[in-house]
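Below is one structure, written out as structure tokens, with a few remarks after it.
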Amino acid sequence: MRVLVCVKRVPFTGGKMVLAPDSMALETRHLGFTISPHEECGVEAAVRLVEVNTGESVVLTLGPPEAIEQLRDAMALGIDRAIHLQTESAEWDPEATAAAIVDAIGADEAASGPFDLIFFGNESADSGGYQVGLLVARALGRPAVTGLKGVKVEGGSVRCEQEADGGRDVYVVPMPAVLTVKEGLNLPRYPSVPGRMRAGRKPVATSAPTQAPARLEMVRLVVPPGQGRRAEVLGSGASAAPAVVEMMRKIGVA
Amino acid sequence: MLLVLVEQTGGVASDPSLQTLTLARSFGEPIHALVIGSAVDLSHHGVAVTHVAVHDELDSFAPDAWAAILGQLADRLGAGAVFAAGTDRGNDVMARVAARMRLPLATNCIAVAPGPPVTLTRQRWGGSLLEEARLHSARALITVAPHSVPIEPARAETRVERFTPQLKEQELVVHVAEHVSTKGGGVSLAEAKVVVSGGRGVGSKEGFAIIEDLAGLLGAAVGCSRVVTSAGWRPHTDQVGQTGTKIAPELYIACGISGATQHMAGCKAAKRILAINSDAEAPIMLNADYAVVGDLKEIVPAISAELRKRK
Ligand SMILES: Cc1cc2nc3c(=O)[nH]c(=O)nc-3n(C[C@H](O)[C@H](O)[C@H](O)COP(=O)(O)OP(=O)(O)OC[C@H]3O[C@@H](n4cnc5c(N)ncnc54)[C@H](O)[C@@H]3O)c2cc1C
């Protein structure tokens with residue numbers, strides 16, 4: 001079985017969003033980077049599927065040279081190799097991102113055969129476009145199911161579960177297929193020290209795709225109002241309990 | 001004219017869809033709506049024509065079929081823009097429309113103005129950051145962030161037109177085959193009036209006993225931060241945040257939670273937030289209404305004891 005998972009490098013913002021001077025990106029000088037929790041579950045699903053069914057798992061990212069860090073993280077968890085579509089630092093819009101990913105998948109499949117499953121996060125952590133996986137699926141002519149919290153391979157099909165209306169909607173689609181997943185799909189493992197060592201030696205295929213013109217063009221970022229009110233301190237320690245209960249009574253919840 | 005996909009349950013339009021109709025009216029008129037399955041009364045929401053798609057195969061949700069119907073109708077009507085709510089289904093169907101029609105899509109918008117180019121403001125990071133953008137397209141595809149626009153009713157003479165769409169077999173491959181109910185007992189996190197949440201500061205799985213006790217006294221749901229779910233102390237269904245559940249209680253009690261933007265993205269619709277934290281400088285203090293500074297292991301049981309005393 002061949003499984004691909006697509007991830008995006010994003011800053012690990014803390015308690016506050018701080019913009020770079022040009023307002024076109026976040027100020028990331030003091031931040032670490034990560035991938036979305038949704039995508040972490042996609043990585044875990046890919047690793048588990050290949051552990052059970054044998055075959056090959058591949059991680060792909062479109063991003064700046066530094067995104068090698070996120071590819072190595074995925075390989076430390078058990079992904080076999082990586083595809084890095086290198087960009088300059090500025091973000092690509094969803095259409096341009098999907099087009100480059102489709103080309104890269106085409107090239108990899110021509111050399112190594114089709115991917116049975118291609119995982120994406122349901123939406124990226126930062127831009128939240130909700131569409132790259134579906135654009136890729138359409139271009140490849142494969143069925144796609146989104147927002148999954150359950151994925152189970154059953155013969156030539158995959159059973160997909162999506163949270164809906166106080167329960168789960170179940171889809172069964174033939175493979176090859178494209179699946180977008182959400183956090184909660186599984187509980188991702190932590191990397192081991194030997195895993196980290198092995199990741200450094202796993203192959204990374206790097207290329208620099210050309211960017212299609214952006215039809216969704218970012219003009220600037222804005223921090224929404226509301227960040228920065230100050231809490232009324234009701235007290236400190238256990239002695240604050242009466243004041244807390246008073247407040248609860250006043251607002252009608254106790 | 002503009003075309004709006006309206007989601008419904010049992011003939012009642014969803015709130016996010018009504019919010020979408022309100023935002024669409026600020027963009028242009030007349031408004032045509034598409035509903036799939038049964039008719040919905042949209043005469044209080046400024047809709048000129050409601051198109052009702054009826055088809056034997058549409059009893060269960062099939063996103064490619066919905067996208068085909070929406071795309072065909074947009075072509076037939078010559079719609080200048082197509083809107084849907086930024087719900088799971090709305091974003092899914094609109095992305096499929098974008099893929100089929102090779103048009104750019106802007107998701108989770110909170111403001112839009114006609115162009116060309118269309119200008120808009122959309123949410124990033126689950127609403128913790130906003131992006132102003134231009135959409136370069138003869139037909140704009142837009143989804144509207146749920147609960148970002150208040151519903152404004154508007155009377156209209158609504159014509160209802162039923163039609164049977166032509167669907168290809170491959171558009172029905174992806175469909176809901178089965179619905180499994182997982183409704184358990186207890187208060188649902190998304191709908192609870194009060195939510196008591198614990199973060200890393202709770203310290204362990206067992207540490208949640210005091211959180212559960214307080215929640216029980218208040219008829220509240222228990223929530224948690226991502227640190228807690230990653231550690232396996234609570235199931236992911238309890239996680240509040242950008243990649244967890246979005247909640248809107250009257251009171252949110254955050255115990256031992258620092259207030260990372262991704263956590264706050266899930267609780268910013270709470271009417272009031274009480275932070276219980278040993279660090280008076282924790283970021284949550286800038287997003288909370290009330291705070292108690294100190295050790296949650298003393299404060300939470302003291303609040304429970306006080307509630308019991310007054311019962
Ligand atoms: C893309 C992305 C998506 C994410 N999605 C989510 C999400 O959906 N939900 C979510 O929660 N997080 C999410 N996160 C993670 C988020 O960034 C934070 O890491 C997380 O919310 C921190 O959890 P915490 O507040 O419990 O832990 P910490 O940040 O470690 O904070 C612990 C707090 O507890 C206080 N404390 C410690 N001991 C005590 C005590 N005895 N009494 C009182 N206070 C005490 C400390 O002062 C501190 O403020 C996401 C991150 C990314 C990058």
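FYI, side chains are in, hydrogens and waters are out, and symmetry mates aren't considered; it's all heavy atoms of this structure. A, B, ... follow the sequence lines: proteins, then strands. Residue 1 opens every chain.
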Carefully, step by step, assess T245(B) and V240(B) under the rule side-chain contact (heavy atoms from CB on, under 4.5 Å).
CA-CA 5 Å; T245(B) 302; V240(B) 171; 5.5 Å; no

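- Among the candidates A177(B), A288(B), G232(B), A98(B), the residue making the largest number of heavy-atom pairs closer than 4.5 Å to chain A is A288(B).
- Shortest non-hydrogen contact noted between A76(A) and P191(A) is CB-CB, 4.1 Å.
- Contact of A214(A) with chain B is made through the backbone alone, with heavy-atom distances under 4.5 Å.
- Contacts of M218(A) with chain B are made by both backbone and side-chain atoms, with heavy-atom separations under 4.5 Å.
- The most heavy-atom pairs under 4.5 Å with chain A, out of R226(B), H175(B), E298(B), come from R226(B).
- Contact annotation for A280(B): only backbone heavy atoms (N, CA, C, O) come within less than 4.5 Å of a heavy atom of chain A.
- Distance alone, capped at 3.5 Å, places no donor-acceptor pair between the S124(A) side chain and the G121(A) backbone.
- Considering only heavy-atom pairs separated by less than 4.5 Å from chain B, the leading option among Y190(A), F12(A), Y171(A) is Y171(A).
- For R272(B), the part sitting under 4.5 Å from any heavy atom of chain A is the side chain, from C-beta outward, and nothing else.
- In this structure, chain A has no heavy atom under 4.5 Å from any part of Q170(B).
- Evaluated for a side chain to side chain contact (heavy atoms under 4.5 Å, CB included) with F120(A), the options V181(A), V136(A), T146(A) yield exactly one hit, V136(A).
- For L135(A), the parts lying under 4.5 angstrom from a heavy atom of chain B are both the backbone and the side chain.
- Side-chain atoms of P249(B) and V194(B), non-hydrogen and from C-beta on, never get closer than 4.5 Å to each other.
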Please lay out, stage by stage, how E131(B) and R122(B) fare under the test salt bridge (Lys or Arg N to Asp or Glu O under 4.0 Å).
CA-CA 5 Å; E131(B) 167 190 351; R122(B) 57 181 299 274; 2.8 Å; yes

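- Residue P104(B) touches chain A through both its backbone and its side chain, counting heavy-atom pairs closer than 4.5 Å.
- A salt bridge links E217(A) and R134(B); the closest N-O separation between the charged side-chain nitrogens and carboxylate oxygens is under 4.0 Å.
- Here the CD-CD1 distance, from E246(A) to I251(A), works out to 12.0 Å after rounding to the nearest 0.5 Å.
- Side-chain contact of T87(B) with E7(B): a donor-acceptor pair under 3.5 Å is present, judged by distance alone.
- The choice from E183(A), Q131(A), M248(A) that makes the most heavy-atom pairs within less than 4.5 Å of chain B is E183(A).
- Looking only at heavy-atom pairs under 4.5 Å with chain B, the residue among V10(A), D93(A), L221(A) that has the most is L221(A).
- Within the 4.5 angstrom heavy-atom criterion, only side-chain atoms of H236(B), from C-beta onward, approach chain A.
- No other option in R89(B), Q239(B), K268(B) has as many heavy-atom pairs under 4.5 Å with chain A as Q239(B).
- Residue contact with chain B, scored on non-hydrogen atoms closer than 4.5 Å, involves the side chain of E95(A) exclusively.
- Residues T97(A) and K8(A) bring no donor and acceptor atom of their side chains to less than 3.5 Å of each other.
- Counting only N and O atoms by type, the side chains of T13(A) and Q262(B) include a donor and acceptor under 3.5 Å apart.
- For a residue to count as touching a neighbouring chain, one of its non-hydrogen atoms must lie under 4.5 Å from one of that chain's; by this rule P188(A) does not touch chain B.
- Considering only heavy-atom pairs separated by less than 4.5 Å from chain A, the leading option among T121(B), L251(B), T229(B), D289(B) is D289(B).
- Residue A275(B): no heavy atom, backbone or side chain, is found under 4.5 Å from chain A.
- For T243(B), the parts lying under 4.5 angstrom from a heavy atom of chain A are both the backbone and the side chain.
- Put simply, of P143(A), G235(A), C160(A), the one with the most heavy-atom pairs under 4.5 Å next to chain B is G235(A).
- At a 4.5 Å heavy-atom cutoff, the contact between V244(A) and chain B is made by side-chain atoms alone.
- In terms of heavy-atom pairs under 4.5 Å with chain B, the best-connected choice from R249(A), E161(A), E123(A) is R249(A).
- No part of M24(A) comes within reach of chain B, as not one of its non-hydrogen atoms sits under 4.5 angstrom from that chain.
- Using a 4.5 Å cut-off between heavy atoms, V174(B) contacts chain A through both its backbone and its side chain.
- Of the two parts of L274(B), only the side chain, counted from C-beta on, holds a non-hydrogen atom closer than 4.5 Å to a non-hydrogen atom of chain A.
- A donor-acceptor pair under 3.5 Å links the side-chain atoms of K311(B) to the main chain of L217(B), judged by distance alone.
- Of the inter-residue distances, the one linking I284(B) atom CD1 with C255(B) atom SG reads 9.0 Å to the nearest 0.5 angstrom.
- Counted by atom type alone, S278(B) and D295(B) present zero donor-acceptor pairs between their side chains at under 3.5 Å.
- Tested against R48(A) for a side chain to side chain contact (heavy atoms under 4.5 Å, CB included), the candidates V151(A), V43(A), N186(A) yield a single pass: N186(A).
- Per-residue counts of heavy-atom pairs under 4.5 Å with chain B were compared for A125(A), G133(A), A137(A), P213(A); the largest is that of A125(A).
- With a threshold of 4.5 angstrom between heavy atoms, V253(A) approaches chain B through its backbone and through its side chain.
- Using modelled atom types, no side-chain atom of R96(B) and backbone atom of W66(B) make a donor-acceptor pair closer than 3.5 Å.
- Between the side chains of T143(B) and N91(B), at least one donor-acceptor pair of N or O atoms lies under 3.5 Å.
- The candidate from M94(B), E132(B), E306(B) with the greatest count of non-hydrogen atom pairs under 4.5 Å with chain A is E132(B).
- Contacts of I253(B) with chain A are made by side-chain atoms alone, with heavy-atom separations under 4.5 Å and no backbone atom involved.
- Taking chain A as the reference chain and counting heavy-atom pairs below 4.5 Å, the highest number among G294(B), A133(B), A302(B) is found for A133(B).
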